[in-house]
Number of protein chains: 2
Amino acid sequence: MSLSTLDVTTPQAIMHSADCPKVSQVLARVGDKWSVLIIMMLSNGTRRFSDLKRDIGGISQRMLTICLRGLERDGLVERTVYPVVPPKVEYALTDLGRSLCVPVKALGTWALTHTAEIEAARAAFDAKTED
Amino acid sequence: MSLSTLDVTTPQAIMHSADCPKVSQVLARVGDKWSVLIIMMLSNGTRRFSDLKRDIGGISQRMLTICLRGLERDGLVERTVYPVVPPKVEYALTDLGRSLCVPVKALGTWALTHTAEIEAARAAFDAKTED
DNA sequence: CCGAATCCCTTGCGATACTG
DNA sequence: CAGTATCGCAAGGGATTCGG
């Protein structure tokens, strides 16, 4: 990976090539549709497995398990098991997870703000290419 | 998709369930490893196809083409073809693309800031699970 | 109720070869 | 130089079943 030109025009110019792999990992997490949804759900407070599955709607329990494990592994989500029958497991954001919400929501805000432009660009592009 | 509980505690509470699919599309773009790298490269100025391929390093020309097309379709990148031989094509960020850099870099900054915590969390998690 | 394990199909993506 | 086309593997992810 030669990304020597990557920083530059950045305000504080803090992006260096050596950090790119690590940054990419975080971006991959954010790019994961389900992970972001889970984080947003948990930003509203602690939730149980079934609650998440039901409220997200459309996710398989398999993917929910996998995503939660990944988020837990990265220290973004905390998993608490209550040794009762039937089992009860609660998921909550950690401080790290909450801090991630800030830039993620900034991105969400950008998306909402520029949705119209993007869709217009797509329509124009598609119109040009289908002739 | 029932995401009725998704907004809530948000500062300005501007996230609504109806907007989620659109937001997800943007997040998917950002999650795409190559797209973000391309955007960062172009934030340093206009570049040619081969320059991007060489400087990014590790991307196949197939993926580069596909990603650039996607970015162009979304109005983030502008493609300029010079009708000369040999062919010359330049890529540059649009205003929309440049505005996207802001929240993306914010995320990058977050990633850099918290890399150590994430790696520590992973190490701790892996240590606990492999016993 | 929470989650692990298996099956199986679809998709992503790299490698390679070919055009204008 | 800047793509397009085809192939083939490997990962992603849904459905289902079993276990604690």
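Residue numbers begin at 1 in each chain, while the letters A, B, ... track the order of the sequences. Since this is a predicted model, take the numbers as computed values, not measurements.
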S.K.: Using the test side-chain contact (heavy atoms from CB on, under 4.5 Å), find all partners of A/Val85 that sit at least two apart in sequence or belong to another chain.
M.R.: none
S.K.: Which residues pass the side-chain contact (heavy atoms from CB on, under 4.5 Å) test with B/Arg29, not counting sequence neighbours?
M.R.: B/Ser35, B/Leu71, B/Asp74, B/Leu76
S.K.: With sequence neighbours left out, what residues match A/Arg73 under side chain to side chain donor-acceptor pair (under 3.5 Å)?
M.R.: B/Asp126
S.K.: So what stems show up for DNA chain D if we need 3 or more Watson-Crick or G-U pairs in a row, all under 3.5 Å?
M.R.: C:1-20 with D:1-20
S.K.: Among residues two or more places apart or on two chains, list those pairs meeting salt bridge (Lys or Arg N to Asp or Glu O under 4.0 Å) that have a residue in residues 62-72 of chain B.
M.R.: none
S.K.: Applying ring pair (Phe, Tyr, Trp, His ring centres under 6.0 Å), which residue pairs with at least one partner in residues 99-118 of chain A are found, sequence neighbours left out?
M.R.: A/Trp110-A/His114
S.K.: Is there a residue in residues 84-92 of chain A whose heavy atoms reach under 4.0 Å of DNA chain C, and which residues are they?
M.R.: A/Pro86, A/Pro87, A/Val89, A/Tyr91
S.K.: Taking DNA chain D as the partner, which of residues 69-82 of chain A come within under 4.0 angstrom of it by heavy atom?
M.R.: none
S.K.: Residues two or more places apart in sequence or in another chain: which of them pass side-chain contact (heavy atoms from CB on, under 4.5 Å) with A/Thr113?
M.R.: A/Thr109
S.K.: Whole-Å distance between C/dA5 P and A/Ile66 CD1?
M.R.: 11 Å
S.K.: For DNA chain C, determine which residues of residues 58-65 of chain B have any heavy atom closer than 4.0 angstrom to one of its atoms, and list them numerically.
M.R.: B/Ser60, B/Gln61, B/Arg62, B/Met63
S.K.: Does anything in residues 47-103 of chain A pair up under ring pair (Phe, Tyr, Trp, His ring centres under 6.0 Å), and if so which pairs, sequence neighbours excluded?
M.R.: none
S.K.: Taking only residues two or more places apart in sequence or in another chain, which ones pass side chain to side chain donor-acceptor pair (under 3.5 Å) with A/Gln25?
M.R.: B/Arg122
